[in-house]
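One structure is given below, encoded as structure tokens.
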Amino acid sequence: SDSPIINLSRAAGVGDSINIHDNYDTEEIWLDSVAMTGESFNLNNNVSLDVLTLTSLAEVGGQFYLSSNGSLDTFDTPNLELIKGNLQFNSNNGLELVDMPTLLEIEGQLRFDYNNNVQDLLLPNVQDLNGQLYIQYNDKLENIALSGLIEISSNLEIQYNYQVAS
């Protein structure tokens, strides 16, 4: 491919944090083999990002924060089970689908706001949320799948998502 790429497809794990930010022309980030991070995963302000591969990621040892990745339209983590901190999506304006089918536990808050084109937020197997749940100001959000959720340890606020059917 001739597009600007960050290719770490053979790295199996990261002992501390993954911080990928302010790479304005990067279109693809390949982290295919990364199974875990010891601490946080931050993906911010990669405005041209179209492709993100996280096929092996099973555990994030701290917060998982995605913000202002303007061209990324699909976010999926087919093997992620545990986030040992907050899960936050903020102002990812190209995002249309978030699919995290294997995620079971978030040891912090879930905050999902100002993702203006997201239609589907799919976290059907999350059982425990050890923090607040905020889903707000997502103009095109139609479907929120949190059907496995058993316990939220704090506030639940789902508001200003005008396309969600009641």
Side-chain angles (χ1 to χ4, degrees), residues 1-9 18-32 34 37 40-58 60 63-83 85-106 108-127 129 131-149 156-166:
S1 171
D2 291 334
S3 63
I5 294 173
I6 295 174
N7 184 348
L8 298 169
S9 61
I18 294 176
N19 296 297
I20 301 174
H21 60 87
D22 298 304
N23 297 291
Y24 301 115
D25 295 327
T26 300
E27 295 177 11
E28 300 180 20
I29 298 174
W30 298 347
L31 299 167
D32 307 52
V34 174
T37 68
S40 61
F41 188 119
N42 300 295
L43 185 68
N44 307 313
N45 207 27
N46 299 289
V47 296
S48 298
L49 183 64
D50 288 324
V51 175
L52 174 66
T53 59
L54 299 171
T55 50
S56 299
L57 187 63
V60 174
Q63 78 166 354
F64 200 155
Y65 184 56
L66 286 90
S67 176
S68 302
N69 298 293
S71 297
L72 186 66
D73 64 0
T74 300
F75 179 84
D76 61 328
T77 54
N79 293 298
L80 182 61
E81 295 181 0
L82 174 62
I83 298 172
N86 298 332
L87 173 59
Q88 295 183 247
F89 287 79
N90 179 268
S91 300
N92 296 289
N93 291 328
L95 204 56
E96 295 175 8
L97 170 66
V98 173
D99 188 12
M100 304 176 83
T102 57
L103 186 60
L104 299 173
E105 184 174 1
I106 302 169
Q109 72 175 348
L110 169 58
R111 185 171 202 105
F112 195 82
D113 48 15
Y114 299 102
N115 299 288
N116 294 331
N117 288 300
V118 170
Q119 296 172 9
D120 298 294
L121 174 59
L122 309 176
L123 297 103
N125 292 306
V126 171
Q127 297 175 3
L129 179 61
Q132 301 170 343
L133 172 64
Y134 291 109
I135 301 173
Q136 55 194 5
Y137 302 106
N138 301 290
D139 295 343
K140 295 184 180 176
L141 185 61
E142 295 177 5
N143 182 25
I144 301 169
L146 284 164
S147 55
L149 196 56
L156 173 121
E157 294 188 26
I158 300 175
Q159 59 191 1
Y160 306 111
N161 304 292
Y162 299 112
Q163 302 300 316
V164 175
S166 54

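Of the candidates L49, N19, I18, L43 forms a side chain to side chain contact (heavy atoms under 4.5 Å, CB included) with just one, namely L49.
Residues satisfying the side-chain hydrogen bond (donor to acceptor under 3.5 Å, both in side chains) test with D99, not counting sequence neighbours, are none. Contacts of Q63 classified as side-chain hydrogen bond (donor to acceptor under 3.5 Å, both in side chains), with partners at least two apart in sequence or in another chain: N42. Partners of N7 under the side-chain hydrogen bond (donor to acceptor under 3.5 Å, both in side chains) rule, at least two apart in sequence or in another chain, are S9. The ring-ring contact (aromatic ring centres under 6.0 Å, His included) search around F89 returns F75, F112, not counting sequence neighbours. By the ring-ring contact (aromatic ring centres under 6.0 Å, His included) test, Y137 is found to be paired with Y114, Y160, residues two or more places apart in sequence or in another chain being considered. Among residues two or more places apart in sequence or in another chain, the side-chain hydrogen bond (donor to acceptor under 3.5 Å, both in side chains) test is passed with D113 by N90, R111. Listed by chain and residue number, D22, Y24, V47, S68 satisfy the side-chain contact (heavy atoms from CB on, under 4.5 Å) test with N45 (two or more places apart in sequence, or in another chain). Remark: Q163 engages E142 in a side-chain contact (heavy atoms from CB on, under 4.5 Å) (not counting sequence neighbours). By the salt bridge (charged side-chain N to carboxylate O under 4.0 Å, His left out) test, D50 is found to be paired with no residue, residues two or more places apart in sequence or in another chain being considered. For I6, the side-chain contact (heavy atoms from CB on, under 4.5 Å) test picks out L8, I20, N23, T26, I29, with sequence neighbours left out. With sequence neighbours excluded, no residue satisfies ring-ring contact (aromatic ring centres under 6.0 Å, His included) with Y134.
Taking CG of N117 as the reference point, atom CG of N93 lies at 6.5 Å (rounded to 0.5 Å). With rounding to the nearest 0.5 Å, the separation of CG in L110 from CD1 in I83 is 8.5 Å. Here the CD atom belonging to E105 is positioned 5.5 Å from the CG atom belonging to L82, to the nearest 0.5 angstrom. Here the CG atom belonging to D76 is positioned 10.5 Å from the CG atom belonging to L122, to the nearest 0.5 angstrom. S147 OG to Q127 CD: the interatomic distance, rounded to the nearest 0.5 Å, is 10.5 Å. Between the CG atom of N115 and the CG atom of L141 there is a distance of 9.0 Å, given to the nearest 0.5 Å.
Of all heavy-atom pairs spanning P101 and T77, the tightest one is CD-O, 3.7 Å. The minimum heavy-atom distance linking L80 with F64 is given by the pair CD2-CE1, 3.8 Å. The two residues L156 and L133 come nearest to each other via the heavy atoms CD1-CD2, 3.2 Å.
The shortest side-chain heavy-atom distance between N143 and L121 does not fall under the 4.5 Å cut-off. Side-chain contact between N125 and T102: absent, with no pair of heavy atoms (C-beta onward) separated by less than 4.5 Å.
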Ignoring hydrogens and angles, write down the donor-acceptor pairs under 3.5 Å from the side chains of residues 51-58, residues two or more places apart or on other chains.
| from | atom 1 | to | atom 2 | distance (Å) |
| --- | --- | --- | --- | --- |
| T53 | OG1 | L31 | N | 3.3 |
| T53 | OG1 | D32 | OD1 | 3.0 |
| T55 | OG1 | D32 | O | 3.1 |
| S56 | OG | D32 | O | 2.7 |

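A side-chain donor-acceptor contact under 3.5 Å links N92 to the backbone of L66. In this structure a side-chain-to-backbone donor-acceptor pair under 3.5 Å is missing from N116 to D139.
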For L97 and D73, run side-chain contact (heavy atoms from CB on, under 4.5 Å): C-alpha distance rounded to whole Å, both residues' side-chain angles, the deciding distance at 0.1 Å, then the answer.
-> CA-CA 7 Å; L97 170 66; D73 64 0; over 6 Å; no

